[in-house]
Amino acid sequence: MATLEGCRCQSASARNNNSILYSILKSDSLVTAEEPQHHQQLHSQHQTLQHLLLKGSSATSVPGSLQELRQQACSCGSTRRRGVLRSPQETCKAASAVLVKTLHFVKNVPCFCELPEGDQLMLIRSGWAPLLVLGLAQDRVDFETTETVEPSMLQRILTGVPERQSEVRAVQNRAAVGVSVVDIETIKAFLKKCWSVDISTKEYAYLKGAVLFNPDLEGLRCLHYIQALRREAHQALNEHVRLIHREDSTRFAKLLIALSMLRAISPLVVAQLFFRPVIGAVNIEEVLMEMFYGK
């Protein structure tokens, strides 16, 4: 059982006699509960999220240097092929609902709430995107995209559009340009992997714990405790698989492969694909902090 050795905060598992296995499952059961009061709370938080996103949608973010612009508008074919959502309003609404449920899940994990606020912030910033995509898989939220092609450097020259003007315009209209097709395929491959394995509710809960407690971040105060929490999440997942799926000796390995695929998904891509088409350029991390801490 993980303990907060070397940390100023006390161990939630020691006080409540709860392990990471229990606290994660308890939190996930709260998120998936069907009580009317719970749905009303999620609906209220969803409305708050929409308000915060719209409030920040007027902000724009354009890189300052031409070098940054060139990196974002690479002339190679793989990065020029980009995709946009076919139904942005519907998909973004579903994604924001999953984001609210994700934050609710994190808030109700006792061992997370016992961490110092600085560690909490770091874990949320590193984990919100993979947790969101994991939530999309659990809720079976699928999406379709339409491919667009960003003009190459040669096309810009032939059409007579100045290079700098063209690149600045491309960045400013990034919502219309979409994201790399390669990034979209990475997300879709992860979703299909989860659905093919037919991951159960408990397995999703353990996977969320393994994603949330990320000891690979620099500056964590409770590093050893967070390492122990991730290890416990993996062990709980392995024990559950061995107990429920004795006939499938490769299932645990398949779930670990899904985790590795999830870590390859960029938070910037998630924000740009699922939120920017509707709300424009907004700092999603600021929205998350305001939602989570009410700041």
Side-chain angles (χ1 to χ4, degrees), residues 9 12 20 23-57 91-141 187 194 201 204-214 217 220 222 226 229-230 233 262-263 265-276 278-279 282-295:
C9 44
I20 179 67
S23 61
I24 289 179
L25 284 179
K26 179 181 177 182
S27 178
D28 205 48
S29 67
L30 289 173
V31 175
T32 56
E34 295 297 330
E35 288 83 353
Q37 182 179 1
H38 172 71
H39 281 293
Q40 184 178 3
Q41 181 184 14
L42 286 184
H43 179 69
S44 175
Q45 291 179 336
H46 191 186
Q47 288 182 324
T48 303
L49 173 60
Q50 294 294 338
H51 171 72
L52 291 172
L53 291 174
L54 291 174
K55 183 175 68 174
S57 63
T91 304
C92 294
K93 182 178 180 180
S96 64
V98 172
L99 180 58
V100 169
K101 291 172 65 176
T102 298
L103 293 178
H104 187 75
F105 163 78
V106 174
K107 279 184 176 182
N108 285 279
V109 177
C111 46
F112 175 85
C113 297
E114 292 295 325
L115 292 170
E117 185 173 299
D119 284 6
Q120 292 182 19
L121 293 173
M122 293 176 65
L123 292 178
I124 292 174
R125 288 191 175 110
S126 73
W128 75 267
L131 285 172
L132 172 64
V133 178
L134 197 56
L136 294 176
Q138 184 173 8
D139 289 357
R140 291 192 169 266
V141 177
I187 296 176
C194 292
T201 300
Y204 272 117
Y206 298 138
L207 290 173
K208 290 176 185 177
V211 170
L212 176 62
F213 298 109
N214 180 10
L217 305 174
L220 290 171
C222 297
I226 293 171
L229 290 174
R230 170 174 279 188
L262 185 60
R263 296 189 181 105
I265 298 174
S266 165
L268 293 176
V269 170
V270 174
Q272 189 167 315
L273 180 62
F274 293 113
F275 297 104
R276 187 160 186 175
V278 172
I279 63 176
V282 62
N283 189 327
I284 190 67
E285 288 190 1
E286 291 182 1
V287 173
L288 290 171
M289 294 304 103
E290 191 164 348
M291 282 291 298
F292 196 86
Y293 294 106
K295 296 180 179 180

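No hydrogens, no waters, no symmetry mates; every other heavy atom, side chains included, goes into these values.
- Using a distance-only test at 3.5 Å, with no hydrogens or angles considered, a donor-acceptor pair links the side chain of N108 to the main chain of H104.
- Annotation: the span from Y204 atom OH to D139 atom CG amounts to 8.5 Å, rounded to 0.5 Å.
- Checked against side-chain contact (heavy atoms from CB on, under 4.5 Å), L217 has the following partners two or more places apart in sequence or in another chain: M122, L123, S126, N214, L220.
- Evaluation of the salt bridge (charged side-chain N to carboxylate O under 4.0 Å, His left out) rule for R125 yields E285 as partners, not counting sequence neighbours.
- Side-chain atoms of F275 and C92, non-hydrogen and from C-beta on, never get closer than 4.5 Å to each other.
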Exercise. Can you list the steps and then say if F213 with V109 is a side-chain contact (heavy atoms from CB on, under 4.5 Å)?
Worked result: CA-CA 11 Å; F213 298 109; V109 177; 4.0 Å; yes
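- With hydrogens and angles ignored, the 3.5 Å screen pairs a side-chain donor or acceptor of Q120 with a backbone N or O of C113.
- With rounding to the nearest 0.5 Å, the separation of OG in S96 from CG in L132 is 9.5 Å.
- By the 4.5 Å heavy-atom criterion applied to side chains, L99 and W128 are counted as neighbours.
- Atoms CG and SG, on L212 and C111 in that order, are 8.0 Å from each other to the nearest 0.5 Å.
- Annotation: side chain of F274 is not in contact with side chain of V141 (no heavy-atom distance under 4.5 Å).
- Contact between K208 and L131 at its shortest, heavy atoms only, is O-CD2, 3.7 Å.
- At a threshold of 4.5 Å between non-hydrogen side-chain atoms, the residues I124 and F112 count as touching.
- In this structure, CD on Q138 lies 9.5 Å from CG on L207, to the nearest 0.5 angstrom.
- R276 contributes atom CZ, which lies 10.5 Å from atom CG of L268 (distance to the nearest 0.5 angstrom).
- Inter-residue side-chain proximity for L115 and I226 is flagged as met; some heavy-atom pair is nearer than 4.5 Å.
- The two residues P116 and C222 come nearest to each other via the heavy atoms CD-SG, 3.5 Å.
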